[in-house]
Amino acid sequence: MSLSVDPWIWIGALFSLAIFSFLYKDNPFYRVAEHVFVGAANGYAVTFYWHNVLVPALFNPLFRQGQLLFIIPFVIGILYFTRFIPKIGWLLRIPIGIYIGYYVGASIPAYIQAFIIKQVQGTILTPQNFASWSAGSWGILWSVILFAGVLCTLSYFYFSKEHKGVLGATSRIGTIFIMIGFGAAFGYTVMARVSLLIGRLQFLLGDWLGIIR
Amino acid sequence: MTLILLAGLFALAPPTGVRAYDTPDDGGGAIIIEWQISQDDQILDGYEIYRSDNGIDFEKVGFIGKGRTTIEDETNDGVKYLYKVAAISDTIRAYSEPSAEVMSYPQWINRNKINIFVAFFIFGGIILYFIYHARKGKELFIRKIAGLQAIDDAVGRATEMGKPILYVPGIGYIDYIATIASLNILGEVAKKCAEYETKLINPHIDPIVYTVAREVVKESYTKVGRPDAFDPDSVYFITDLQFAYAAAVDGIMVREKPATNFLVGWFRAESLILAETGASAGAIQIAGTDQVSQLPFFVTACDYTLIGEELYAASAYINRDPLLLGAIKGQDWGKLIIGAILLAASVIGIITKFPILNLFR
Amino acid sequence: MKIIDKLAKIDRRIIYLILAVVVILPMIFPSVLRVRVMPPVEKLFHAVDNVPKEKALIIDFDYAPQTAPELEPMGFALLRHAFRKRTKVLILSLYVQMLGLAQNALTEVIEEFNSVAETNTDSIIYGRDYVFLGWVPPPIIPILGMGESITNVYQVDYYGNRTDTLPLMKEIKNYNNVGLLVSLSGSDPPEWWIAYAQNRFGLQVGAGVTAVSASKYFSYYQTGQFSGLMVGMKGAAEYEEMIEKELAIKSRRIASEALPPLTYAHLVIMVFIVIGNISFLMQRRKK
Amino acid sequence: MKRTFPLFLVLIFGIFALLPYIIPHPIIQNTDELLRNNLLKILSAFALVLGLGSLLKVHTDKIKRKRENWEYSWVLIMTFIITSIIGLFGGVSGTGILPTSIGSFPFDIQTIYFNVVVPLGSTMFAMLAFFMASAAYRAFRARSTEATLLLIAGFIVMLGVLPLGNRISPHLPSFAQWIMDVPNVAGQRGILFGVALGAVATSLKIILGIERSWLGGGGGK
């Protein structure tokens, strides 16, 4: 039992216990920890947005080096504050429009390549894909099961026709694949979460209380 | 004799067949150099690349490990260059013959990306075709999604019990499609809250989504003719950090005890915290996300879960808006095409030797 | 029927208490379970083991405090493996927050070896046996730059010494002198090392990743781009098993110590599922 | 004007964001980079300042009106102010004008991050294991054949991952691995196709002004 002497270890440990206390019930310690977290987290965000974004990308070029071109982002940015002025509140839609337009436009080609074309490439039945399992002739069976699973899952998300007859059968098979996939992912995630709990307890029992080595 | 022998011993075989050409499909400023490896490749340290823009003095511009046969050199457009490749082992070098003259320049179309834009135009065309017909008032059939019926029942339950409705829009940014679909559903739920005068609680993590949601809810209240009932503080920003947000929303679930929780949008690891605390507080929970990693938790802990694309279909179903329904029909056609391509490409892939996979880089 | 009703209404906090006890007890009375090593970890062990004498092993420490429980034991096991085999080691991080954890792992393992070493030859000496290169942003600069010259990218190491004065850096000039690079990360760095360093310089890459992001990385292991793969705390425990079995390294096996609590936690969760469903089915039949 | 100009902006910026994907020419690539690094980065910073404004407004209102739990709002505001002062004036790595340590006790922004923000955040992650356990007990019901399948697959993987699983039968770990590689990928890839098509369709509708919910109009005409 060798208690730690570093004040910060004590602060970290007490905050951890305060959050864990939420498991018992919502209590003042938890709420203090919750609000300290919100305050500190936003303080940290403000620090980095200021030092790493606003100062180097806007204030230095505009005010120090006098590059007047930066008036444009400055003015559009200020439009965000029109939200507090009801009469000209609609001006808020200008920065939001620019922001959404750009991101939504950029997502189209990225989504098509990464989530449609590359996925089709991985599902097609070819000798190359059979070999990629590096499981010899079993690879053919795995590729066929993958192929059938993808088609059946796709049929589950087909909305234009009632799920009866053939479509009813394929969509039910599709749900089987979906549910097996969810179960497997759940199993892996349980291991990950329990590892994090063990990691936190190693900090509390080890670094703080010194019960375990 | 020994000198020649020694020279023979120490002289390395230079790389051969050096070829240089402008890198295709790029913004210029790059030239690709190719060569056959030297016979002494095994004992080499690697290959040095030399460049000259006047044919006389060459300067080293690159280096690459042994066994490699190509490298890309950064150049200025519009300048004529000559290249030599030297096999190097410690301090001994063997220079190749210089390549032919070459110049780099930018291209306007990247041919590798054409397949993406072909897919986009076909699919975009189908979507617009169906939206055009939807505007014409053509009846478009969409099958019933179980989760959507639950949205009406859930709002009804909260009204009967006189308890608030908690609408969590997820932690995604405004440009995430799941967030936009969630705002659509929020608009509908807000309309029902306005009609039945049920208290709505809508906590936010992203400042932009927060500002848009405020407008959506206010607009819904005015659409139902109850602009006065809109409480500006029912839609509010908490923090921009994932777990501070989850802890705060948990606090709301335990303190305010909403009868119905909507967990709709883009979620990450905090989804289980929200779904579990909501379940233990005894609320009816309707979840919806396209984040496949979080679906197992929603499916287990919630009464209804809109899986992936069903979330998008939900916003179309609720609004019963022909434009949205048109898009859903277009997406169904998209799936038919993907299924057909998979079947056709597999037949070609198995029967013929054609490298079908290269079409889908 | 009373038990069933009671079972159905076990209070949430009792479930938490049971899980807490089941996890804490095996931690206080540690025991190490025999671990079966699966192919992905075995391949990584042999890849590290086969790094030639004249070449170096690079370890990229890219885990944050929140993913440390799964990835830190991997860092310790790799360092012990390399130092026991007297393989030359270079250490780096692609992000500034990760440096602290890399430094912590390094000092602890060095201390472990040097406290036992008698002569100068079998102790681990900075500059001769290992170099801590530190951090150069943005990540693309070290990933590509080390292909030609490591000392050009990291002119100064983590401690501020000029790298070209260190004896080890005279032998290890670039990826040609690097047998293997292992990236420990919870996000994308392992993908970058393949996409940029392996494609252009033929660098051999291994990886240690968190369980949550595991499925994405299995496809790179399948295609052979990864020379080996450790997944989550279980992967770390498998590697600890390998270094104990093959090299008789008798040091603390943090990940393996976590296996008993992990096993009991999994069993308890599975038992909860079964009980939960039994009371659920009983109630449904009653209705 | 209030609707058409924002919709025009979305159309222009939407199309412009598409072009760099297929046109490698430096003119397009450089303007795209210029737009991203200057305009969009700055807008995101302003948006955060706005969000903080509303956060502080909500909590100051709570204090003024003495609403329930108003005392905690003081905790939040004080922590926020203290952390911001330390961060803004103390500098990112303690290089600012404000001293960031008293004697041997450091309190620069990085130390605060490692010893306050991280323990709170990682404890929240650790709590997930508890919520997982109670969700397993309370929510994990074999309501239908699919849910039973989900349970069975979950059991196989949870056992297959453990040394215990290997002792039960050496085939269990490899079977668990097979489930991750084949059926799991098939199910997830099928869902992914649907999500991607839906996302592209929605993006197209936003750019062309069909989907207007972001305007606050609740979508529709």
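Proteins come first, then strands; the chains are lettered A, B, ... in the order of their sequence lines, and each starts at number 1. Every heavy atom of this structure was used, including side-chain atoms; hydrogens, water molecules and symmetry mates were not.
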*asked:* Report which part of D:Phe105 has an atom under 4.5 Å of a heavy atom belonging to chain A: side chain, backbone, both, or neither.
replied: side chain

*At their closest point, which heavy atom of A:Gly187 faces which heavy atom of D:Met158, and how far apart are they?*
CA-CG, 3.6 Å

*Can you tell which part of A:Phe203 gets under 4.5 Å to a heavy atom of chain D, answering side chain, backbone, both or neither?*
neither

*Examine whether an atom of D:Pro20 lies under 4.5 Å from a heavy atom of chain A, and if so say whether it belongs to the side chain, the backbone or both; otherwise answer neither.*
neither

*Answer yes if the ring centres of A:Trp50 and A:Phe59 are under 6.0 angstrom apart, and no otherwise.*
yes

*Picking from A:Val46, A:Ile112, A:Leu91, which has the most non-hydrogen pairs under 4.5 angstrom with chain D?*
A:Val46

_Side chain / backbone / both / neither for D:Met127 at chain A, heavy atoms under 4.5 Å_ = both

_Is it the case that atom CZ in A:Phe29 sees more than 12 heavy atoms from other parts of the structure closer than 6.0 Å?_
no

*chain D heavy atoms under 4.5 Å from A:Val55: which part of the residue, side chain, backbone, both or neither?*
neither

*Please test A:Phe157 against A:Ile178 for side-chain contact (heavy atoms from CB on, under 4.5 Å), starting from the C-alpha separation and ending with a verdict.*
CA-CA 11 Å; A:Phe157 290 104; A:Ile178 295 171; 4.1 Å; yes

*asked:* With chain D as the partner, which of A:Leu196, A:Ile98, A:Ile108, A:Ile116 has the greatest number of non-hydrogen pairs under 4.5 Å?
replied: A:Ile98

*Who among D:Leu150, D:Val157, D:Val10, D:Ile152 has the most heavy-atom pairs with chain A under 4.5 Å?*
D:Leu150

*Region of D:Trp178 in contact with chain A, defined by heavy-atom distances below 4.5 Å*: side chain

*Under 4.5 Å, heavy atom to heavy atom, which residues of residues 137-146 of chain A contact chain D?*
A:Trp142, A:Ile145, A:Leu146

_Side chains of D:Phe193 and A:Val150, heavy atoms from C-beta outward: is any pair under 4.5 Å?_
yes

*Scan D:Ile28, D:Leu18, D:Asp32 and name whichever one has a side chain to side chain contact (heavy atoms under 4.5 Å, CB included) with D:Ile23.*
D:Ile28

*Determine the option with the most heavy-atom pairs under 4.5 angstrom with chain D, choosing from A:Leu154, A:Ile198, A:Leu69, A:Ile11.*
A:Leu154

*Within a strict 4.5 Å, meaning less than it, do heavy atoms of the D:Asn184 and A:Phe182 side chains meet?*
no

*What part of A:Pro7 gets closer than 4.5 Å to chain D, counting heavy atoms only: side chain, backbone, both or neither?*
side chain

_A:Pro28, part contacting chain D, at a heavy-atom distance under 4.5 Å_ = both

_Quick check on D:Tyr72 against chain A: is it the side chain, the backbone, both or neither that has a heavy atom closer than 4.5 Å?_
both

*Non-hydrogen atoms of chain A under 4.5 Å away: do they reach the side chain of D:Phe8, the backbone, both or neither?*
neither

*Check each atom of D:Val161 against the heavy atoms of chain A and say whether the ones under 4.5 Å are side chain, backbone, both or neither.*
side chain

_Interchain contact, D:Ile15 with chain A, by part (heavy-atom threshold 4.5 Å)_ = neither

*Please look at A:Phe20 and chain D and tell me whether the side chain, the backbone, both or neither of the residue comes under 4.5 angstrom of a heavy atom of that chain.*
both

